[in-house]
Amino acid sequence: MKQTTVIVTIVALVLMFISIASWIFKQEGFSLVCANLGTVILLIAYLWDNRRKDEID
(Lines give C-alpha, C1' and ligand atoms only; values in the text may rest on other atoms or scores of the structure.)
Protein backbone atom coordinates (compact mmCIF):
# COMPACT_ATOMS: atom_id res chain seq x y z
CA MET A 1 0.00 0.00 0.00
CA LYS A 2 1.06 3.52 -0.65
CA GLN A 3 1.70 5.93 2.20
CA THR A 4 -1.20 8.17 1.16
CA THR A 5 -3.58 5.19 1.23
CA VAL A 6 -2.43 4.31 4.74
CA ILE A 7 -2.95 7.90 5.93
CA VAL A 8 -6.43 8.08 4.40
CA THR A 9 -7.34 4.75 6.00
CA ILE A 10 -6.14 5.96 9.41
CA VAL A 11 -8.20 9.15 9.03
CA ALA A 12 -11.27 7.07 8.18
CA LEU A 13 -10.75 4.82 11.20
CA VAL A 14 -10.35 7.86 13.46
CA LEU A 15 -13.68 9.13 12.12
CA MET A 16 -15.24 5.78 13.03
CA PHE A 17 -13.95 6.03 16.61
CA ILE A 18 -15.19 9.63 16.84
CA SER A 19 -18.55 8.33 15.69
CA ILE A 20 -18.63 5.76 18.51
CA ALA A 21 -17.62 8.36 21.08
CA SER A 22 -20.20 10.87 19.92
CA TRP A 23 -22.88 8.16 19.97
CA ILE A 24 -21.98 7.42 23.60
CA PHE A 25 -22.33 11.12 24.43
CA LYS A 26 -25.81 11.23 22.79
CA GLN A 27 -24.80 13.23 19.70
CA GLU A 28 -26.60 11.02 17.19
CA GLY A 29 -26.48 13.45 14.26
CA PHE A 30 -22.74 14.01 14.50
CA SER A 31 -22.23 10.29 15.01
CA LEU A 32 -24.07 9.45 11.80
CA VAL A 33 -22.15 12.05 9.81
CA CYS A 34 -18.78 10.78 11.07
CA ALA A 35 -19.69 7.12 10.46
CA ASN A 36 -20.94 7.79 6.95
CA LEU A 37 -17.95 9.97 6.09
CA GLY A 38 -15.55 7.32 7.40
CA THR A 39 -17.30 4.63 5.39
CA VAL A 40 -17.22 6.68 2.19
CA ILE A 41 -13.54 7.51 2.67
CA LEU A 42 -12.69 3.82 3.21
CA LEU A 43 -14.66 2.85 0.10
CA ILE A 44 -12.98 5.47 -2.07
CA ALA A 45 -9.52 4.55 -0.76
CA TYR A 46 -10.15 0.86 -1.45
CA LEU A 47 -11.45 1.50 -4.95
CA TRP A 48 -8.64 3.93 -5.74
CA ASP A 49 -5.98 1.50 -4.56
CA ASN A 50 -7.44 -1.40 -6.58
CA ARG A 51 -8.56 0.45 -9.71
CA ARG A 52 -5.98 -0.98 -12.12
CA LYS A 53 -5.27 -4.42 -10.70
CA ASP A 54 -7.66 -6.11 -13.17
CA GLU A 55 -5.88 -4.57 -16.14
CA ILE A 56 -2.43 -5.68 -14.94
CA ASP A 57 -3.40 -9.31 -14.29
Side-chain angles (χ1 to χ4, degrees):
M1 282 171 74
K2 297 178 187 174
Q3 183 180 5
T4 55
T5 306
V6 173
I7 292 171
V8 168
T9 305
I10 290 171
V11 168
L13 291 174
V14 167
L15 280 171
M16 295 290 190
F17 284 117
I18 290 172
S19 170
I20 291 171
S22 61
W23 178 69
I24 290 171
F25 291 117
K26 306 291 185 197
Q27 299 292 325
E28 289 87 7
F30 185 66
S31 175
L32 287 172
V33 168
C34 285
N36 288 335
L37 186 60
T39 303
V40 168
I41 289 173
L42 279 175
L43 176 67
I44 290 171
Y46 176 76
L47 291 175
W48 188 261
D49 195 34
N50 295 314
R51 70 187 183 279
R52 295 192 187 201
K53 297 217 176 185
D54 292 334
E55 296 175 4
I56 295 172
D57 292 338

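Under a 4.5 Å side-chain heavy-atom cut-off, the cluster of Ile, Leu, Val, Met, Phe, Trp and Tyr residues that includes Val8 is completed by Leu15, Leu37, Ile41.
With contacts defined as side-chain heavy-atom distances shorter than 4.5 Å, the pair Ile18/Phe30 qualifies.
Here CD1 of Ile44 is found 13.5 Å from CG of Asp49. Values are rounded to the nearest 0.5 Å. Taking OG of Ser19 as the start and CD of Gln27 as the end, the distance is 12.0 Å to the nearest 0.5 Å.
Closest of all the heavy-atom pairs between Gly38 and Ala12 is O-CB, 3.6 Å.
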